[in-house]
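Each remark here refers to the structure printed beneath this line.
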Amino acid sequence: MNKTVIVSNRLPLQIQIENNILKTKPSVGGLATGMKSVHEDGNGLWIGWSGLTEEELNEDLSNKVKNAVSKQKCATVPLTQYDVNNFYFGFSNKTLWPLFHYFMEYTEFENSQWESYKTVNQKFADVVLENINDGDTVWVHDYQLLLLPKLIRDKKPNVTIGFFLHIPFPSYEIFRTFPWREELLNGMLGSDLLGFHTYDYERHFLSSIKRILRLDVKFNDIQYHDRIVKVDSFPMGIDYDKFHDAALKHASLKKEEKSELQRRLDDHIQAGSNAKLILSIDRMDYTKGIPNRIKAFEYFLNKYPEFKEKVRLVMLAVPSRSDVPQYQKLKRETDELVGRINGQFATVSWTPIWYFYRSMPFDNLIDLYVSSHVAMITPIRDGMNLVAKEYIATRTNQDGVLILSEMAGASKEMNEALLINPNNFEEIADTLKHALEMPFDEQQSRIKILQKRLQRYSVEKWAKEFMKSLNATKNIDAVIVAKKMNEENQDTMFSAFKKAKKRLLLLDYDGTLVGFKNNPLDAKPDTNLIATLDKLNNQEQTDVVIISGRDRETFEKWFANKNYNLITDHGVWLKSKANDWNMLERLKTDWMENITPILETFVDRTPGTFIEKKKYSLAWHYRKADPELAQIRTIELNTVLTSLISNNDLSVLKGNKVIEIKSSSVNKGRAASRWLAQKNYDFIFAIGDDWTDEYMFEELPETAFTVKVGFKKTQAKYYVKGTEIVRDLLSKFTN
Ligand code: GDG
């Protein structure tokens, strides 16, 4: 039976050792809840670090941990103290976390930490690989494990891999500064499905993919080698019922059953007719905008002094990553700010800020949520922010107001909250006043809509939607008509080749025999290629034809001393072996002077593009241009050209990062047919990567072995990944 494996940095368990006795208890976090059904299903498994380093465990304890976690359907990844310092506190939290949250000034690029990040991702891969088989599904979580999908894919190509990023993916301008950017992107692309909280993060990711890896992206599909990688947004929800039910239960508590915290909160509320509580809850993290929030509150008290002694900011900051210096600095700054403001504004009966630097039990969290008239959640950057959602879920009377930063992913789905820019104190102060004075009807109508949405798109639903999309990727292969040229197909082909008496090999040049270069004139044949072509060409009873859209002059230069069969200009010119060049089609070229100025206007407006003037065609190359601009321009150019050429016997071909205009009456298909008519071939092989090669595939008889280079829709029977595999395949013809 196939299984689903979840992988995250930490296991959803808390493990403690006291006096050599091991205690485990399940974590109650959002992720653990959301993944519950996925984890419980069938023989599911969760892989992650236990939270105890190898140094803390002796052999006996280590075995105990293994046994204890395996009872909870978990497996541990062994990490040393060095790993934790360098991979987790180091690279994950001093490089990726600040960079992905746009805190460039906090971002460290430290090679030894990058090495540790790679080592630890490999350690995770080792444990995953020990536990999976073909057909299984793996769901990897978050920024600590960005390299893991590729490490799994390389060893186990037949598993389905999903990845979800819980933090923002930054814009290309930020991401491009990252020294190991290609490796990180390739790591992620080991997945079949990549999930983000919002469409913006997805868009930023795709932009980096296009600009840095120069891959083709169609809507949200990335063409990556011989696979399609899907990218989509899945906004993470909360366990709505858990929070809502806890709040209902809380409302029914008798006075003596209430917590100490709740009694103190009640005291404040009952102190005056307009006494209100403003809530702030976050991990103590510089992305959460805690100092900004305090300063904005100070600004508010100065601007609207009538609220003094009436409102109180209740601030829970949960200790987090306190080994990292930036977090220590933030703690000091927060302490100072709270001290200064309380010192400045406090009266004998009122302190403006109640500040808790600790983590609280769930019941106290509920006390805070249900008692607060306003929640002020103002992160500078936040992937999603679940606190904002939890506050809404606990408002069982449908009163209360949420002030939410537009920099939190949650703001995309929570339009009924009061959205603010966390850097605009004026706006925050005014919004806070608005929130404190908002009529009940308005509070209710906003909360109602928000609750409905949160209830529907819960964390369970989120996990289900992700799994549904991930499972759907399993069927993508069925959409591609061509089969992969694998060992078995190769055997069939080579044995047909051996048996045959008259063999023909039709080879496209660019993108097939050689890779693409920024300047087409740099794509000269190298000595290895010439050696292979020589061998092929010298085989008995074998005709090798290089059939290309290149112009005759270039091939004349490149293959000057060779007696190859060459067809150039998409089939205008033919040179067979030692014979002279022969014109197959007589073509007009007068149209070129009308089309050139049009192409020139596109070159002027699209930096990095240029025109290649061939004898019988014009090509506009955009390989070096900004991919997004180029995409817009190709659509524009296509529209302009199609309307111009309709009665000119011209056609527009969209090639690999090139648009070519040429006469309709010439194409590789016609040229290939002419060649075929000369002899009675009993073995035909044709290979090419481009649209122009499709004409050739179409014209060849059913028995031909037609091969597409790359992973696009094709008429060919087989496909191979890239030029390296093509060369490998061709050299096998000569053995
Ligand atoms: C990352 C992303 C994204 C907080 N204090 C206490 C406590 N909590 C719970 C809350 C909430 C969770 O912690 C915090 O979640 P957030 O989403 O707000 O923030 P991050 O920890 O930064 O999470 C974030 C998230 O991943 C999910 O993808 O939304 O953007 O940064 O559930 O209730 N729980 C208890 N005591 C506390 O004192 N029991």
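Whatever order the structure lists them in is the order used to number ligands and atoms, beginning at 1.
- Looking only at atom types and distance, the side chain of D200 has no donor-acceptor partner in the side chain of T198 under 3.5 Å away.
- Ligand 1 places these atoms under 4.0 Å from at least one heavy atom of M236: 27 (C), 28 (O).
- Side-chain atoms of N9 and Y88 include no donor-acceptor pair closer than 3.5 Å.
- Nearest to atom 35 (C) of ligand 1 by heavy-atom distance, out of M360, H197, E390, is M360.
- Ligand 1 is approached by W97 to a heavy-atom distance shorter than 4.0 Å.
- Under 4.0 Å from ligand 1, the heavy atoms of L365 that appear belong solely to its side chain.
- For the pair G383 and ligand 1, the shortest N or O to N or O distance falls below 3.5 Å.
- Each of the following atoms of ligand 1 lies closer than 4.0 Å to a heavy atom of V318: 5 (N), 6 (C), 38 (O).
- Side-chain contact, S280 with R293: a donor N or O sits under 3.5 Å from an acceptor N or O.
- Considering only non-hydrogen atoms, atom 15 (O) of ligand 1 lies nearest to L386 out of L386, I281, L165.
- Geometrically, ligand 1 and L316 share no nitrogen or oxygen pair separated by less than 3.5 Å.
- For K329 and Y106, the positive end is not near the middle of the six-membered ring at less than 6.0 Å and at most 45° from its axis.
- A cation-pi geometry, defined here as NZ or CZ lying under 6.0 Å from the six-membered ring centre and within 45° of its normal, holds between R321 and W97.
- Heavy-atom proximity to M384, at under 4.0 Å, picks out these atoms of ligand 1: 3 (C), 24 (C), 29 (O), 30 (O).
- With a 4.0 Å cut-off on non-hydrogen atoms, R283 touches ligand 1 through its side chain and not its backbone.
- Side-chain atoms of D382 and N385 form a donor-acceptor pair, as typed in the model, at a separation below 3.5 Å.
- In this structure, K295 is not positioned above the aromatic face of F425 in the sense of NZ or CZ being under 6.0 Å from the six-membered ring centre and within 45° of the axis.
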